[in-house]
Amino acid sequence: MLDNLYRQVIMDHYSHKRNFKELFGSKIRKVHYKNPTCGDVMTLFIELEQNQIRKAAFIGEGCSISMASASMMTELIKHKSVKEISCLRTAFEQLIRY
């Protein structure tokens with residue numbers, strides 16, 4: 001049952017991507033990434049103000065997992081400080097490694 005819920009969440013974010021757009025402006029930072037293994041490509045856009053993410057968005061092409069993950073990530077990091085995001089990243093890396 002839990003597997004089905006995970007699939008539904010992933011497919012919802014893949015079919016209805018959140019924050020799937022380019023951001024423009026002098027406060028926007030962007031990072032482009034291409035996965036050399038599978039060919040997925042993504043550009044992440046963030047608006048950083050006073051060490052806090054005000055806006056987050058992405059564009060790209062790839063499998064349902066990578067696009068859904070980017071969608072979920074942009075929702076998760078909005079309105080968080082850089083320190084909070086760093087802690088989330090560390091926790092996530094520990095989760096997938098152990």
Side-chain angles (χ1 to χ4, degrees):
M1 179 154 66
L2 196 53
D3 286 346
N4 190 37
L5 177 61
Y6 288 142
R7 276 191 206 97
Q8 288 176 353
V9 170
I10 290 167
M11 290 313 295
D12 181 57
H13 273 271
Y14 176 67
S15 300
H16 309 287
K17 296 172 191 78
R18 280 60 154 193
N19 310 303
F20 189 73
K21 60 187 174 187
E22 286 187 62
L23 297 178
F24 300 96
S26 61
K27 295 181 183 179
I28 302 301
R29 298 180 187 189
K30 69 178 182 178
V31 176
H32 181 75
Y33 179 76
K34 179 177 182 180
N35 186 325
T37 307
C38 66
D40 291 358
V41 294
M42 178 183 36
T43 303
L44 174 67
F45 303 89
I46 60 169
E47 181 179 305
L48 190 61
E49 188 176 295
Q50 295 179 351
N51 232 13
Q52 186 173 38
I53 304 294
R54 295 289 181 213
K55 295 179 185 175
F58 75 103
I59 57 171
E61 293 181 12
C63 70
S64 57
I65 297 294
S66 68
M67 294 295 102
S69 296
S71 175
M72 287 184 256
M73 179 191 62
T74 58
E75 286 288 285
L76 181 66
I77 66 173
K78 282 193 291 186
H79 309 294
K80 289 197 171 43
S81 70
V82 172
K83 185 176 180 178
E84 288 174 296
I85 294 166
S86 179
C87 290
L88 287 171
R89 177 184 175 184
T90 300
F92 179 74
E93 286 175 352
Q94 289 175 349
L95 178 70
I96 63 173
R97 288 186 181 159
Y98 302 105

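Position 1 is the first residue of the sequence, and the numbers go up from there.
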Requested in this report: State, yes or no, whether a side-chain contact exists between E22 and I28 at a heavy-atom distance under 4.5 Å.
Outcome: no

Query raised in the report: SG of C63 to CG of N35: how many Å apart, nearest 0.5 Å?
Result: 8.5 Å

Query raised in the report: Which atom pair, heavy atoms only, marks the closest approach of K21 to I59?
Result: C-CG2, 3.6 Å

**Report entry** Pairs involving residues 26-69, ordered by first then second residue, that meet ring pair (Phe, Tyr, Trp, His ring centres under 6.0 Å) (sequence neighbours left out)
**Finding:** F20-F58

Requested in this report: Name all residues meeting the salt bridge (charged side-chain N to carboxylate O under 4.0 Å, His left out) criterion together with R54; count only those two or more places apart in sequence or in a different chain, and write none if there are none.
Outcome: E49

Query raised in the report: Could you go step by step and tell me if M11 and Y14 meet the side-chain contact (heavy atoms from CB on, under 4.5 Å) rule?
Result: CA-CA 5 Å; M11 290 313 295; Y14 176 67; 3.9 Å; yes

Query raised in the report: Do the side chain of K78 and the main chain of T74 share a donor and acceptor less than 3.5 angstrom apart?
Result: no

Query raised in the report: Going by atom types alone, do N51 and S81 pair a side-chain donor with an acceptor below 3.5 Å?
Result: no

Query raised in the report: Is it the case that one hydrophobic cluster holds both L44 and V82, taking links as side-chain heavy atoms less than 4.5 Å apart, direct or via other members?
Result: yes

Report task. Could you pull out the closest heavy-atom pair between A57 and L23, with the gap in Å? Result -> CB-CG, 3.7 Å

Requested in this report: Apply side-chain contact (heavy atoms from CB on, under 4.5 Å) to D40 and E61, showing your working.
Outcome: CA-CA 6 Å; D40 291 358; E61 293 181 12; over 6 Å; no

Query raised in the report: Between the main-chain N or O of G62 and the side-chain N or O of S66, is there a donor-acceptor pair closer than 3.5 Å?
Result: no

Query raised in the report: Is there any ring pair (Phe, Tyr, Trp, His ring centres under 6.0 Å) pair reaching into residues 62-84, and which pairs are they, with sequence neighbours excluded?
Result: none

Requested in this report: State the CZ-CZ distance between F92 and R97, to the nearest 0.5 angstrom.
Outcome: 10.5 Å

Query raised in the report: Does D12 pair with R18 as a salt bridge, N-O distance under 4.0 Å?
Result: yes

Report summary line: Shortest non-hydrogen pair, S71 vs H13, comes out as OG-ND1, 2.7 Å

Query raised in the report: So, the side chain of S69 versus the backbone of I65: is there a donor-acceptor pair under 3.5 Å, distance only?
Result: yes

Query - Residues L48, K27; criterion side-chain contact (heavy atoms from CB on, under 4.5 Å); working and verdict - result: CA-CA 6 Å; L48 190 61; K27 295 181 183 179; over 6 Å; no

Report task. Report whether M73 and V31 are members of the same hydrophobic cluster (ILVMFWY, side-chain heavy atoms less than 4.5 Å apart, transitive linking). Result -> no

Query raised in the report: Does NZ in K17 sit with more than 12 non-hydrogen atoms of other residues, nucleotides or ligands closer than 6.0 Å?
Result: yes

Query raised in the report: Should L88 and I53 be counted in the same cluster of Ile, Leu, Val, Met, Phe, Trp and Tyr side chains packed under 4.5 Å apart?
Result: no

Query raised in the report: Passes side-chain contact (heavy atoms from CB on, under 4.5 Å), E84 versus I77? Steps please.
Result: CA-CA 9 Å; E84 288 174 296; I77 66 173; over 6 Å; no

